[in-house]
Amino acid sequence: KDKFSICWSIYVGWMPWEYGDSSGIIKKWADKYDIEIDVVQINDYVESINQYTAGQFDGCSMTNMDALTIPAASGVDSTALIVGDFSNGNDGVVLKGKKSLKDIKNQKVNLVELSVSHYLLARGLESVGLSERNVKVVNTSDADLVAAYSTSGVTSVVTWNPLLSEITSQPKSYKVFDSSDIPGEIIDLMVVNTKTLKNNPKFGKALVGAWYEIMSTMSNKKVLTHMAEASATDLAGYQAQLDTTKMFYSAADAVSFTQSAALPKTMKYVAKFSFDHGILGDGAVDENFIGIETPEGVVGDKSNIKLRFNPSFMQMAADGKL
Amino acid sequence: MKRLMNIEPSRFWRTFLTIVPFIVIIALYWSASDARLAENPNDKLLPSFTQISSAIDRMAFTENKRTGEYLFWQDSAASLYRILLGITISAAIGLIIGLINGLLPGVRAGLSPLVTIASLVPPMAILPILFITFGLDELAKVMLIIIGTAPVIIRDMQSQVMQIPKEQLIKAQTLGASTWLVTIRVVLPQIMPKLLAAVRLSLGAAWLFLIAAEAIAAQEGLGYRIFLVRRYMAMDVILPYVAWITVLAFAMDFSLKKMSQVCFPWYHHQEASK
Amino acid sequence: MKRLMNIEPSRFWRTFLTIVPFIVIIALYWSASDARLAENPNDKLLPSFTQISSAIDRMAFTENKRTGEYLFWQDSAASLYRILLGITISAAIGLIIGLINGLLPGVRAGLSPLVTIASLVPPMAILPILFITFGLDELAKVMLIIIGTAPVIIRDMQSQVMQIPKEQLIKAQTLGASTWLVTIRVVLPQIMPKLLAAVRLSLGAAWLFLIAAEAIAAQEGLGYRIFLVRRYMAMDVILPYVAWITVLAFAMDFSLKKMSQVCFPWYHHQEASK
Amino acid sequence: MSFLQINNVWKSYGQAQILERLNLSIDQGEFISMVGASGCGKSTLLKMILGSEVATKGEISLEGKPLVAEPDAERGIVFQKYSVFPHMTVLQNVMVADEFTKSFLLGRCFGSARKQVKQKAESFIDAVGLTPAINKYPHQLSGGMQQRLAIAQALMKAPKILLLDEPFGALDPGIRADMHVLIRDIWKKNNLTIFMVTHDIKEGFELGSRVWVFDKVRHDPQAPMAYGAQVTYDLKLDTDKTPDIAALTQKIAVN
Amino acid sequence: MSFLQINNVWKSYGQAQILERLNLSIDQGEFISMVGASGCGKSTLLKMILGSEVATKGEISLEGKPLVAEPDAERGIVFQKYSVFPHMTVLQNVMVADEFTKSFLLGRCFGSARKQVKQKAESFIDAVGLTPAINKYPHQLSGGMQQRLAIAQALMKAPKILLLDEPFGALDPGIRADMHVLIRDIWKKNNLTIFMVTHDIKEGFELGSRVWVFDKVRHDPQAPMAYGAQVTYDLKLDTDKTPDIAALTQKIAVN
Ligand SMILES: Nc1ncnc2c1ncn2[C@@H]1O[C@H](COP(=O)(O)OP(=O)(O)OP(=O)(O)O)[C@@H](O)[C@H]1O
Ligand SMILES: Nc1ncnc2c1ncn2[C@@H]1O[C@H](COP(=O)(O)OP(=O)(O)OP(=O)(O)O)[C@@H](O)[C@H]1O
Ligand SMILES: [Mg+2]
Ligand SMILES: [Mg+2]
């Protein structure tokens, strides 16, 4: 097999894929390894993961939580090939007219249910001694959250950028909790099919190689402007989003993050949250049903490993061996 | 041999032919599902019938652990309430404005072009405006159904009123009827079966808008559940929900048809004897 | 005083009455927008007409720096291509299956119930299934339009074929026509104007499905753009796009109507003289 | 002063001149048959008398006063088709004629008022011979029975003028003869003034006490619509003396 | 051996017995008028001869062979309505009759074949007097002209049998008379065997060389559908000697 396809959706940490595609960097690296890589943008984030899970794509950009609950829970053995960034304030809880997270008690909270926003809310509530029982979650599509927020009935939302900055820019809006309070827990990945990667290491090498070449251009204003426009904002807006994102511009940083002991802990939280909300599937008897492999050890069932954090390709990039 | 167009299958063959396509579809699904599950037993795309029935059992006949509700019935009740309310209001608006527009040339001149244009605006595209105007609660969902279906019903009613032979309207006037009496005793009763027909026609659109509205903001409802569980590709829930919506759509269509036949026998006999 | 129903406004009054509602709507918008902008000059919900026209200028008449394209026209071309392709295929399918179903009792027995049920399934609910089955390319978007509109067109065509007086079909047979010749020379030409009418009726649904499909998977298109900028609530872009879609929908409806009148004069004269 | 006076009436639709220079006066109790080629404007004149069309020029006056310019209960009408209400039974169709004027709000009578209206309706239904079909809907009636019903409706309001636009045009010949007997009877009994448009010249002469023949006297081959029709023959028939219809028909056809 | 033989034919729809024990034989060139009460089964018999309905019991044979059980070019038909194609002009309507058999694939002729068909069509259009309307569409024709067109179509195939189901039922009396002349003429000229259903008894006697009167001979008041109609009178008319129609009508009406 020498034709591969990956998909991505619009998000600050994934815009480099667009730039890599339109600037030819990805093609350059694919040519180097004598393969073809098709890069496809998908408007709807969940749809892109579903497509990957159904086998239409070999790789897809997604968060650590969705990697666990969609492909892994569907039995598709997946590998986090690139750890691109983690959210460091890019996701947040916003209250209208109230300044403390505790005030969220008994409010209706609009968010995309079962997404990282939901996870962030759960972690936030935990931190102030509340639980989901103390609020009422209303599923609201991300595309309409901004419009929804400007209606009087909506008093609190949890969302990500660029929606978050749209919302906080409105008068009397207060960000009371954000992902910088739980650093490193919401991680943005490039996930690829483990079997495909195993049979075609060239595919992994080309992607990682291309990614870090793109990363090396990210200080260039022209490149950033390009990415900003592709996500329908301007340079300042995009820069603001980058500021709340901890990008791993260097492969070495990404490798050390992946190898840290915090990762398995984070994934434990995520697995527990997912199980509590019934999104690990029917077969799951407890949160340990799915095995998650990290360099620091396996979380969950060792005989059912479906999600692997594998820094070896990023290591090659760090070592300049690509 | 007879011409193809003259070959009428017997009752047995007719039944047989009706059933065959459904059996074929079920069989195709079965084998495709089996094949996928053999490869990956955790695959969620084409669940087996056992998985589907256990999902049905879980949703419809087991108390939800978190909320203590039977989700399926709760969803159905919420959606049915919204669609019935929406379509009823739509029908009422359609009837009243259609009647006035069709009957009074003065009003028609003012309203008809507006309605025509309104019926062409795609409601999905103006969702943000809708939310801001009507909020995110039940009202917004019902309003989306109304905005999506009412202009079409208005236009249909208007043209139906205008199709009533002018002779009848003139005759009523020669019998001393005022505009009001022409409306309620001559036009309204004749337009009622057409209203039911128009409502039947717009049911499809109503379901569409309902699902779209529920997908955007809701806490319960059939469309809400489908779009929520889509997040983890639970096709074992989606498939029975889709089937159930189809059944509900059919039941609503069927009962409107029956209702029309029971309430307006003169209309249906007249149509049949044409 | 005349009865209300007998008062025909003169041509001047008719034009006046037609224009008034539009002026009122624009005026209302204007004052509401002014009020909001006075309170918060960064408000995006009700942009001023200056903001809207600068957005139009940016989208339609300025080269996009990144791609060197005129986004507005690119979006329009992509959407028009999809909707025209979808509706054309739908019409073709509707015509062919409708003809066969209406004319051949044997086939009807097998297909008609299937089509009825298919037409009741809300395409919005099976959107996830569709994308997985047909992928995310142009095909999927066109397929959604087809799946959403074809069953209705099929059913309409079938009932139209069955409404052709049996006398005509028998007459054709006494003139020596085979089933095939009855189909192409007697039934087909009579059904064509009805097909155009059915297509006009399903244009609204086609736009809906197009927008829904583009919202989920596309890189260009009117629906795509609306959903993309909806995240920033850029109403200055959304409003002209919605207006443009309305204009396109109107233009398509109008040209189908004209086309029918030009191609099938016998049909329209006949209807008019009824 | 005559009962109905048509004073220099012209009628055109846009460019097309339909009728011109009509000057006619009608006495109470006349039965006027209107014949003429298709499209010459017979129905148009009828509609002007009815009030649903307005003359472009000239005036029609009833008992000295200008006609009310919209249909009212003074003038009854029976069209060739569609003049009964399909959603009402025969009885309801006739009763509604009185209910319209007795109940402004609902158009329905209840209690003793209803009984009274019903009795009156039944007597008119009986007069047109529809008693056996009293609870049937129009679509269950033959064409002839529907026309009887339309006549019964019109009679309920005791109109001064009864207008008939090809009332028997769609009926079988056998049934037509019965209807002729009926309408003649009703005319005599109710002292009505009747205007009847017909395509059947024989019928016109048989029923009418006076026959109007419509035709264009001026023709412009370059502009066929420039001139309208007039009443070219106005024949008062002495009902005792049967005219030579065949000869007349010939004469009319030549025009 | 007779031309058309109806052998002990019974017909029922579900529980309802429509026709029973029909035994009739018809010679070539007869003109059979079928009269009887509405709903007694005249059209049903016509349809069985046409082949669009099948007898429940018994058999109909044409020239000794059982009838083909679907309509074909041997038997032409003219219905009261809807027997011309509304989307074709008069000429196309008639030409298509030959095009159907000459071009299996397209149902259209081109070049010299077309010329030939056109000539033939024109002669039949002329025969029914439609030449002035040759390029008009059916909706532009009067009812009578539409029926003429339907007849011209049927004649194109030179059918052995011509079936007419109330062909003049919807026409004005004056036009009917013209049509009678036409059909009589065509019957004579083409040596056709004609079956005509009519509601107008006078018409039946005027045109037919033989009249069938349909009626039920047995009645069961408890089960009105238990018995079917039969041909109660089968009158061969000597065309020279006009029968006393009035008396016959009386006689039929009594039954
Ligand atoms: N509302 C209208 N607008 C324009 N032209 C009209 C209108 N009504 C009738 N006409 C035209 O006026 C002429 C006379 O019509 P009218 O119906 O009075 O004829 P008629 O004598 O009753 O004919 P027929 O015997 O066919 O009923 C016709 O040429 C008709 O086309
Ligand atoms: N396809 C059918 N299915 C059931 N009953 C039928 C069918 N066709 C006709 N009938 C019934 O058969 C009877 C005879 O019908 P037919 O049309 O032959 O009568 P007819 O003598 O031609 O009457 P008319 O003079 O009204 O045309 C009627 O009672 C009719 O209701
Ligand atoms: Mg007229
Ligand atoms: Mg019949």
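Everything numeric here is computed off the predicted structure, so don't read it as measured data. In the text below, chain A, chain B and the rest are named by the order of the sequence lines, each starting its count at 1.
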[X] and [Y] ion-paired at < 4.0 Å:
| X | Y | result |
| --- | --- | --- |
| A:Asp44 | B:Arg230 | yes |
| B:Asp75 | B:Arg225 | yes |
| B:Arg36 | B:Glu39 | no |
| A:Lys272 | A:Asp276 | yes |
| A:Lys108 | B:Asp137 | yes |

What do you reckon, is OH of B:Tyr81 surrounded by more than 12 foreign heavy atoms closer than 6.0 Å? no

Say whether, by atom type as modelled, one donor and one acceptor occur between the side chain of [X] and the main chain of [Y] under 3.5 angstrom.
| X | Y | result |
| --- | --- | --- |
| A:Thr140 | A:Leu145 | no |
| B:Gln51 | B:Ser48 | yes |
| A:Ser131 | A:Arg133 | yes |
| B:Thr62 | B:Asp57 | yes |

Do any of residues 65-73 of chain A have a heavy atom less than 4.5 Å from a heavy atom of chain B, and if so, which, in residue order? A:Asp66, A:Thr69, A:Ile70, A:Ala73

With chain B as the partner chain, list the residues of residues 149-162 of chain A whose heavy atoms fall under 4.5 Å from it, by residue number, and write 'none' if nothing qualifies. A:Ser150, A:Thr151, A:Val154

Examine whether an atom of A:Asn110 lies under 4.5 Å from a heavy atom of chain B, and if so say whether it belongs to the side chain, the backbone or both; otherwise answer neither. side chain

Atom group of A:Val112 that falls short of 4.5 Å from chain B, counting heavy atoms: side chain

Residue among A:Ser74, A:Gly55, A:Ala148, A:Ala54 with most heavy-atom pairs under 4.5 Å to chain B: A:Ser74

ring-ring contact (aromatic ring centres under 6.0 Å, His included) between B:Phe49 and B:Tyr29, worked out: CA-CA 10 Å; B:Phe49 289 108; B:Tyr29 178 87; 5.6 Å; yes

Report, in residue-number order, which members of residues 197-219 of chain B are under 4.5 Å from chain A by heavy-atom distance. B:Ala215, B:Ile216, B:Ala217, B:Ala218, B:Gln219

For residues B:Tyr241 and B:Trp244, establish whether the separation of their ring centroids is below 6.0 Å. no

Please report the closest heavy-atom contact between A:Tyr119 and A:Tyr269, naming both atoms and the distance. OH-CB, 3.3 Å

Under the ring pair (Phe, Tyr, Trp, His ring centres under 6.0 Å) definition, can you give me all pairs with a residue in residues 46-81 of chain A, not counting sequence neighbours? none

Which of these passes side-chain contact (heavy atoms from CB on, under 4.5 Å) with A:Asn64: A:Leu189, A:Asp188, A:Leu307, A:Ile292? A:Leu189

The interface call for B:Leu45 against chain A, heavy-atom contacts under 4.5 Å, is side chain

